[in-house]
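Each remark here refers to the structure printed beneath this line.
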There are 2 protein chains.
Amino acid sequence: MTQTHGLDVVADLFAGRPAPVAASTAERVVDVLRGYLIEGRIVPGTRLSEEAFAAAMSVSRNTLREAFRILAHEKLLVHEMNRGVFVRELTADDVTSIYQFRTMLETSALAQTERHTQAQKSKIRLAVTEGLSAAEAEDWRGLGTANMHFHLAIAGLAGNRRLDATMSQLLAEQRLAFHVMTPLKDFHDPYLTDNVTICELIESGDVEEAARHLRAYLDRACAQMVRAFEATS
Amino acid sequence: MTQTHGLDVVADLFAGRPAPVAASTAERVVDVLRGYLIEGRIVPGTRLSEEAFAAAMSVSRNTLREAFRILAHEKLLVHEMNRGVFVRELTADDVTSIYQFRTMLETSALAQTERHTQAQKSKIRLAVTEGLSAAEAEDWRGLGTANMHFHLAIAGLAGNRRLDATMSQLLAEQRLAFHVMTPLKDFHDPYLTDNVTICELIESGDVEEAARHLRAYLDRACAQMVRAFEATS
DNA sequence: GTAGCGCGGATCGCTCAACAAATCACCCGT
DNA sequence: ACGGGTGATTTGTTGAGCGATCCGCGCTAC
């Protein structure tokens with residue numbers, strides 16, 4: 001980095017840019033595919049043919065395999081030797097495991113009050129209002145993502161990049177199971193009021209009670225999801 | 001799965017097997033490379049030439065690239081577009097971030113007393129004795145891995161596979177920084193007595209005090225590491 | 001009928017060779 | 001010393017190819 005400017009004016013110009021849209025082809029493929037997976041556009045369990053997908057995305061088989069390897073590492077795909085890659089199918093155990101881990105992360109983040117910043121707290125509030133307006137517009141998919149933002153913001157209270165990363169990955173993984181939750185309204189809507197309560201508790205400084213509430217909330221959500229899950233299997 | 005056997009006799013035959021040594025070539029490469037990286041045999045910052053490594057490990061460039069992608073995803077390598085992959089160089093911030101996260105995970109696991117099993121607790125004790133005998137034999141590298149096993153066992157108290165996975169990954173990542181800690185004795189030895197104390201506290205059922213002790217311990221270790229870190233840079 | 005067997009056909013795992021594009025190292029003129 | 005051009009090196013990606021493995025199907029034997 002050449003130190004030509006006293007203040008880094010140039011850096012500011014590019015600061016708010018939406019990331020160069022994934023430079024490499026493989027990463028672009030990963031992003032697209034990940035989008036499909038967490039939106040449930042490909043049913044869990046289906047095999048992803050290398051040839052077919054390579055053709056569909058106009059990339060070589062080699063590049064596609066790089067992408068597959070990454071997504072398998074993110075646990076969105078399963079790689080079975082000499083058989084191919086499949087969209088991950090979550091079991092009921094996976095769901096409880098994910099929720100258990102989430103509970104640990106989120107309550108832990110909540111407990112680190114000395115790290116909480118005003119910026120993070122306002123992100124929580126933002127996610128809540130996002131959810132409220134999505135509900136008002138009866139945009140249930142939007143309500144789902146708002147809910148995700150809420151929990152990411154909670155985890156963000158710890159101010160730890162690594163925690164944020166694992167949290168997003170957990171949520172992505174969890175989304176694989178959302179296709180069994182139909183209609184989405186029934187799943188997300190009841191928790192909106194919980195989000196409001198928790199947000200207010202945090203703002204009022206009573207993180208203890210917020211954590212208790214959150215824990216109960218997550219237990220309930222987990223139980224509901226497991227129930228819906230075992231009903232279909 | 002064909003249901004030929006009433007009791008699954010066959011499964012037992014293969015139960016204790018040391019995993020088929022990574023079936024695919026790419027995974028084998030990943031394992032070997034990961035071994036090198038966490039042992040510090042390749043200095044952080046060095047570029048890993050595709051051609052050279054492909055030749056050295058007798059695999060094609062394409063397969064090697066798959067391996068590189070995975071290791072980059074594990075944050076052991078850094079991939080820079082059109083420049084190549086480099087062994088990750090941790091910053092002091094990384095170290096504190098890792099320790100902060102570890103603290104959250106380990107104390108969280110410790111707090112979930114209702115999930116603690118006797119099997120897990122004995123694993124902790126095992127790691128402690130492993131460390132004691134390593135210290136007696138003046139095997140400082142062995143003491144390091146014993147210490148790792150200790151913390152993995154603590155995290156294992158939560159009984160959550162995902163937590164275990166992120167914990168191992170964190171420890172692997174942290175190991176990238178161990179090469180600055182020379183001699184290893186001075187870094188690991190002081191903490192052996194702490195391990196003993198914490199183990200006893202857990203066995204006596206006083207997880208509260210164990211958590212406090214652990215937290216202080218990790219803070220100290222982090223500070224020491226950061227100090228050693230900034231001394232070299 | 002059904003359990004075992006063998007035989008393609010499809011797909012994966014991996015390699016090799018090639019080429020465009022980007023980066024790097026070096027030299028040059030100023 | 002500094003900016004700029006130029007060729008060498010390395011990466012990004014592709015395409016073809018081949019052995020290995022798995023799957024489905026039909027055959028046979030009991």
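Values below: every heavy atom of this structure, side chains too, minus hydrogens, waters and symmetry copies. Bear in mind the structure is a predicted one, so any value in this text is a computation, not a measurement. A, B, ... follow the sequence lines: proteins, then strands. Residue 1 opens every chain.
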Provide, to the nearest angstrom, the distance between the [atom1] atom belonging to [X] and the [atom2] atom belonging to [N].
{"X": "B:R61", "N": "D:dT10", "atom1": "CZ", "atom2": "P", "value": "11 Å"}
{"X": "A:E50", "N": "D:dA16", "atom1": "CD", "atom2": "C1'", "value": "15 Å"}
{"X": "B:M81", "N": "D:dT11", "atom1": "CE", "atom2": "P", "value": "13 Å"}
{"X": "B:N82", "N": "D:dT9", "atom1": "CG", "atom2": "C1'", "value": "13 Å"}
{"X": "A:N62", "N": "C:dG13", "atom1": "CG", "atom2": "C1'", "value": "10 Å"}
{"X": "B:F86", "N": "D:dT10", "atom1": "CZ", "atom2": "C1'", "value": "11 Å"}
{"X": "B:E51", "N": "C:dT15", "atom1": "CD", "atom2": "C1'", "value": "15 Å"}
{"X": "B:M57", "N": "C:dT15", "atom1": "CE", "atom2": "P", "value": "11 Å"}

Quiz item: Does any N or O donor sit under 3.5 Å from an N or O acceptor when you compare the side chain of A:R83 with the base of C:dG13?
Solution: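 No, the side chain and the base share no sub-3.5 Å donor-acceptor pair.
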Practice problem: Report yes if the side chains of B:V29 and B:T63 come closer than 4.5 Å at any heavy-atom pair, otherwise no. | Solution: no
Exercise. Kindly indicate, with the supporting measurements, whether the criterion salt bridge (Lys or Arg N to Asp or Glu O under 4.0 Å) is fulfilled by B:D164 and B:R161.
Key: CA-CA 5 Å; B:D164 294 346; B:R161 295 185 146 276; over 6 Å; no
Quiz item: Of B:R47 and A:S58, whose nearest nucleotide on DNA chain D comes first from the 5' end?
Solution: B:R47
Exercise. Have a look at the helix from C:dG1-D:dC30 to C:dT30-D:dA1 and give the angle its two end axes make, five pairs each, rounded to 10 degrees.
Key: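 End-to-end axis angle for the helix from C:dG1-D:dC30 to C:dT30-D:dA1: 10°, rounded to 10°.
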Quiz item: So which of B:R34, B:K75, B:R88 actually passes salt bridge (charged side-chain N to carboxylate O under 4.0 Å, His left out) with B:E173?
Solution: B:R88
Exercise. Ignoring the backbone of A:V59, work out which of D:dT14, D:dG12, D:dG17 is nearest its side chain.
Key: D:dT14
Quiz item: A:S49 side chain: which of C:dT15, C:dC12, D:dT11 is closest?
Solution: C:dC12
Quiz item: Hey, which of B:L176, B:V43, B:L76 is the one that makes side-chain contact (heavy atoms from CB on, under 4.5 Å) with B:V87?
Solution: B:L176
Self-check item: Working for salt bridge (Lys or Arg N to Asp or Glu O under 4.0 Å), residues A:E27 and B:R69
Solution: CA-CA 10 Å; A:E27 277 176 44; B:R69 289 260 187 215; 3.8 Å; yes
Quiz item: Do we see a donor-acceptor contact under 3.5 Å between the side chains of A:D94 and A:T91?
Solution: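 A:T91 and A:D94 do have a side-chain donor-acceptor pair below 3.5 Å.
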State whether [X] places a side-chain N or O below 4.0 Å from either non-bridging phosphate oxygen (OP1 or OP2) of [N].
{"X": "B:T63", "N": "C:dT15", "answer": "yes"}
{"X": "B:H79", "N": "D:dT11", "answer": "no"}
{"X": "B:R65", "N": "D:dG12", "answer": "yes"}

Quiz item: A:Y217 vs A:Y191 aromatic rings, parallel, tilted or perpendicular, using cut-offs 30° and 60°?
Solution: parallel
